[in-house]
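Numbers here simply count residues along the sequence, with the first being 1. Ligands are counted one by one from 1 in listed order, and the atoms in each one are counted from 1 as well.
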Amino acid sequence: MKILVCVKRVVDYNVKVRVKADGTGVELANVKMSMNPFDEIAVEEALRLKEKGAAAEIVVVSAGPAQAQETIRTALAMGADRGILVKAEGRLEPLAVAKLLKGVVEAEKPDLVILGKQAIDDDCNQTGQMLAGLLGSAQGTFASKVEVADGALNVTREVDGGLQTVGLTLPAIVTTDLRLNEPRYASLPNIMKAKKKPLEEKDASEFGVDLTPRLEVVKVAEPKARQAGVKVGSVDELVSALKGAGLV
Ligand code: AMP
């Protein structure tokens with residue numbers, strides 16, 4: 001089985017995001033960028049399938065600026081075999097990414113594509129579903145368990161109030177949820193080895209996809225600052241404070 005893993009370069013999850021003064025977006029200058037955490041889980045799952053003997057090759061793809069190379073190298077250092085960077089500048093919406101990924105899938109013909117359930121920058125949760133729609137493939141989203149069974153996949157999904165297991169015929173699309181696995185850290189020797197792994201660069205224009213955003217970002221605003229709390233001395237005081245604030 002050949003696995004394609006899609007990874008996005010996003011603002012590191014530890015960074016306290018700041019909104020630009022003009023409200024047009026978030027500040028990206030001098031901000032630490034990393035692999036989207038759900039995509040680390042996607043890479044880890046592919047590695048585990050390979051270690052179990054269920055997969056032969058893991059290819060990693062990212063669409064974005066030249067710096068997305070670093071994100072691909074991180075996946076290669078974790079253990080993926082080779083990478084593909086689809087170079088594209090500016091804001092990419094999920095539909096545009098899904099169309100670019102469709103081009104990569106048609107060229108690479110993977111049996112399984114693993115994506116994160118959502119990118120933590122825009123929280124869209126759309127790309128995997130759109131890619132499955134464009135390809136007409138089976139999809140198992142929000143996966144918390146992936147099992148290979150006789151050339152097919154059983155994917156356990158985290159749904160409201162429980163778990164649902166779906167059987168997928170290959171080729172299939174899987175998107176990862178938080179509890180699927182705990183991604184490994186890349187060791188220093190593997191980081192060095194990753195520098196020599198193949199990383200192919202393509203230009204988004206080669207795919208004939210219209211990347212023009214369909215949405216206009218009207219405004220981005222910081223959440224309201226929380227007001228300081230008040231200490232009360234007794235339950236009675238608490239009740240009258242809540243009544244005073246109109247909460248009971
Ligand atoms: P989203 O639909 O934007 O929340 O992203 C869901 C998933 O799609 C991410 O976790 C990635 O696996 C994949 N993805 C989104 N954007 C990109 C991109 N620019 N390059 C590669 N994969 C992406």
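Using a cut-off of 4.0 Å between Lys/Arg side-chain N and Asp/Glu carboxylate O, D122 and R91 are scored as not salt-bridged. Salt-bridge annotation for R179 and E158: present, with a side-chain N of the basic residue lying under 4.0 Å from a carboxylate O of the acidic one.
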Atom pairs and distances, side-chain donor-acceptor, residues 103-112, under 3.5 Å, sequence neighbours left out:
{"from": "E106", "atom 1": "OE2", "to": "K102", "atom 2": "NZ", "distance (Å)": "3.2"}
{"from": "E108", "atom 1": "OE1", "to": "K2", "atom 2": "NZ", "distance (Å)": "2.8"}
{"from": "E108", "atom 1": "OE1", "to": "R82", "atom 2": "NH2", "distance (Å)": "2.6"}
{"from": "E108", "atom 1": "OE2", "to": "R82", "atom 2": "NH1", "distance (Å)": "3.4"}
{"from": "K109", "atom 1": "NZ", "to": "E106", "atom 2": "O", "distance (Å)": "2.9"}
{"from": "D111", "atom 1": "OD2", "to": "K2", "atom 2": "N", "distance (Å)": "2.6"}

Run the side-chain donor-acceptor check on residues 197-209: report pairs under 3.5 Å with partners two or more places apart or on a different chain.
{"from": "K197", "atom 1": "NZ", "to": "L76", "atom 2": "O", "distance (Å)": "2.9"}
{"from": "K197", "atom 1": "NZ", "to": "A80", "atom 2": "O", "distance (Å)": "2.8"}
{"from": "E200", "atom 1": "OE2", "to": "K202", "atom 2": "NZ", "distance (Å)": "3.3"}
{"from": "E201", "atom 1": "OE1", "to": "K87", "atom 2": "NZ", "distance (Å)": "3.3"}
{"from": "E201", "atom 1": "OE2", "to": "Q69", "atom 2": "NE2", "distance (Å)": "2.5"}
{"from": "D203", "atom 1": "OD2", "to": "S205", "atom 2": "N", "distance (Å)": "3.2"}
{"from": "D203", "atom 1": "OD2", "to": "S205", "atom 2": "OG", "distance (Å)": "2.9"}
{"from": "E206", "atom 1": "OE2", "to": "D203", "atom 2": "N", "distance (Å)": "3.0"}

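For ligand 1, the protein residues within 4.0 angstrom (heavy atoms only) are C6, V7, K8, N36, D39, V61, S62, A63, V97, L115, G116, Q118, A119, C124, N125, Q126, T127.
Here the side chain of N181 pairs a donor or acceptor atom with the backbone of I41 at under 3.5 angstrom.
For the side chain to side chain donor-acceptor pair (under 3.5 Å) test, residues two or more places apart in sequence or in another chain that qualify with S34 are D12.
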